[in-house]
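One is the number of the first residue; the rest follow in order along the sequence. Both ligands and their constituent atoms are indexed starting at 1 by order of listing. Quick note: numbers below take in every heavy atom, side chains included, and nothing from hydrogens, waters or symmetry partners.
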Amino acid sequence: MNFTSISTLHPDQIRWIIKRAQAFKEGGSLKINQSVANIFLEPSTRTLMSFQVAQKNLSMDIYNIQADTSSFTKGESLEDTLLNLEAMGINTFVIRSKENAYWENFKQDHNIINAGDGTMNHPSQALLDAMTIEENFGTLENLKVLIVGDVKHSRVYESNKVLLEKFGSTVDVVAPVELGGNDQELKEVIGNYDIVMFLRVQHERHAESFSVAEYNRRFGLNNESVALMKEDAIFMHPGPVNRGVEIEEELLYKHPKCKVLEQVTNGVYIRMAILEFMCKNI
Ligand code: CP
């Protein structure tokens with residue numbers, strides 16, 4: 001069974017995962033007597049750690065492989081690695097890779113939870129974002145969402161857009177032309193939206209010449225632009241935040257509209273629900 005993209009999930013399955021995550025958040029517990037390996041071939045703090053916390057909360061046996069201290073350095077392929085781990089009795093894998101849709105090259109079926117592939121999918125992030133949105137608005141339907149920034153290189157954008165549109169919410173973009181936008185500025189449009197989601201400027205993924213100061217002036221959230229937001233609107237960011245680039249220092253984690261740490265908290269419960277969904281074959 002694969003859990004690789006939001007597009008393969010039915011809205012009822014998304015609702016089930018969020019409902020189970022809420023039940024875990026309210027104190028519900030579950031034991032899954034299975035092993036899981038976390039294979040992270042690209043850096044991560046939030047996704048790796050919250051999957052580990054989720055696995056520990058579910059009493060799973062947890063194994064971790066890092067790219068630089070394993071036989072990936074000797075050229076072993078991802079699928080050969082999975083086959084060898086399966087031979088040891090480990091049958092579920094949480095995988096992050098730089099390669100888009102890395103599972104499409106596999107010759108056999110494996111139980112994969114995609115923790116982010118290249119620029120394409122980040123399904124657990126979109127689900128934790130959806131849980132955070134539902135907690136704040138009581139619904140995922142008919143909301144107006146603005147995604148700000150590097151949509152050209154962002155798997156967070158792709159997965160959020162697919163998920164939110166499944167529920168009839170609209171997703172618009174504001175970004176520089178070279179990063180996939182139409183060059184409108186944030187302050188021209190921010191007042192129209194319920195949710196404003198900032199994306200990290202991914203310096204490691206794009207080669208365009210880029211002025212951080214100019215980006216911040218036109219697309220960064222500051223005291224002036226936050227004051228233009230609707231009264232009940234919120235702002236979000238998947239992290240890691242480039243402080244003072246996407247969001248002004250004094251607003252991050254402190255402003256009442258900032259939901260960034262709620263997103264991180266919800267990540268643990270959403271990942272518990274995803275592990276239940278996968279390991280119990282729901
Ligand atoms: N949001 C997110 O994927 O963060 P990490 O890269 O730290 O896992």
Participant: Partners of Arg218 by salt bridge (charged side-chain N to carboxylate O under 4.0 Å, His left out), sequence neighbours excluded?
Facilitator: Asp183, Glu185
Participant: What I want to know is whether Leu48 and ligand 1 share at least one N or O pair that is separated by under 3.5 angstrom.
Facilitator: no
Participant: Would you list the pairs meeting side-chain hydrogen bond (donor to acceptor under 3.5 Å, both in side chains) in which at least one residue belongs to residues 166-177, sequence neighbours left out?
Facilitator: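 Sorted pair list: Asp172-Tyr193.
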Participant: Verify the distance criterion only: is there a donor paired with an acceptor across the side chains of Asp117 and Ser97 at less than 3.5 Å?
Facilitator: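 Note: Asp117 and Ser97 side chains miss the donor-acceptor criterion.
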Participant: Arg271 and Ser124: side-chain donor and acceptor closer than 3.5 Å?
Facilitator: yes
Participant: Would you mind checking which non-hydrogen protein atom is closest to atom 1 (N) of ligand 1, with the distance to 0.1 Å?
Facilitator: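 Going atom by atom, the protein heavy atom closest to atom 1 (N) of ligand 1 ends up being Pro238 O, 2.9 Å.
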Participant: Under a 4.0 Å heavy-atom limit, does Arg96 contact ligand 1 with its side chain, its backbone, both, or neither?
Facilitator: side chain
Participant: Can we say Glu262 and Lys257 salt-bridge, meaning some charged N sits less than 4.0 Å from an Asp/Glu carboxylate O?
Facilitator: no
Participant: Show the atoms of ligand 1 that are less than 4.0 angstrom away from any heavy atom in Thr45.
Facilitator: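 Heavy-atom distances to Thr45 below 4.0 Å select 5 (P), 7 (O), 8 (O).
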Participant: For Tyr102 and Asn114, does a side-chain donor sit closer than 3.5 Å to a side-chain acceptor?
Facilitator: yes
Participant: Could you identify the single nearest non-hydrogen protein atom to atom 2 (C) of ligand 1 and state the distance to 0.1 Å?
Facilitator: Thr47 OG1, 3.6 Å
Participant: Considering only heavy atoms, which of His122, Gln125, Arg46 lies nearest to atom 3 (O) of ligand 1?
Facilitator: His122
Participant: Test your reading of the structure: does Gly239 have an N or O sitting under 3.5 Å from an N or O of ligand 1?
Facilitator: yes
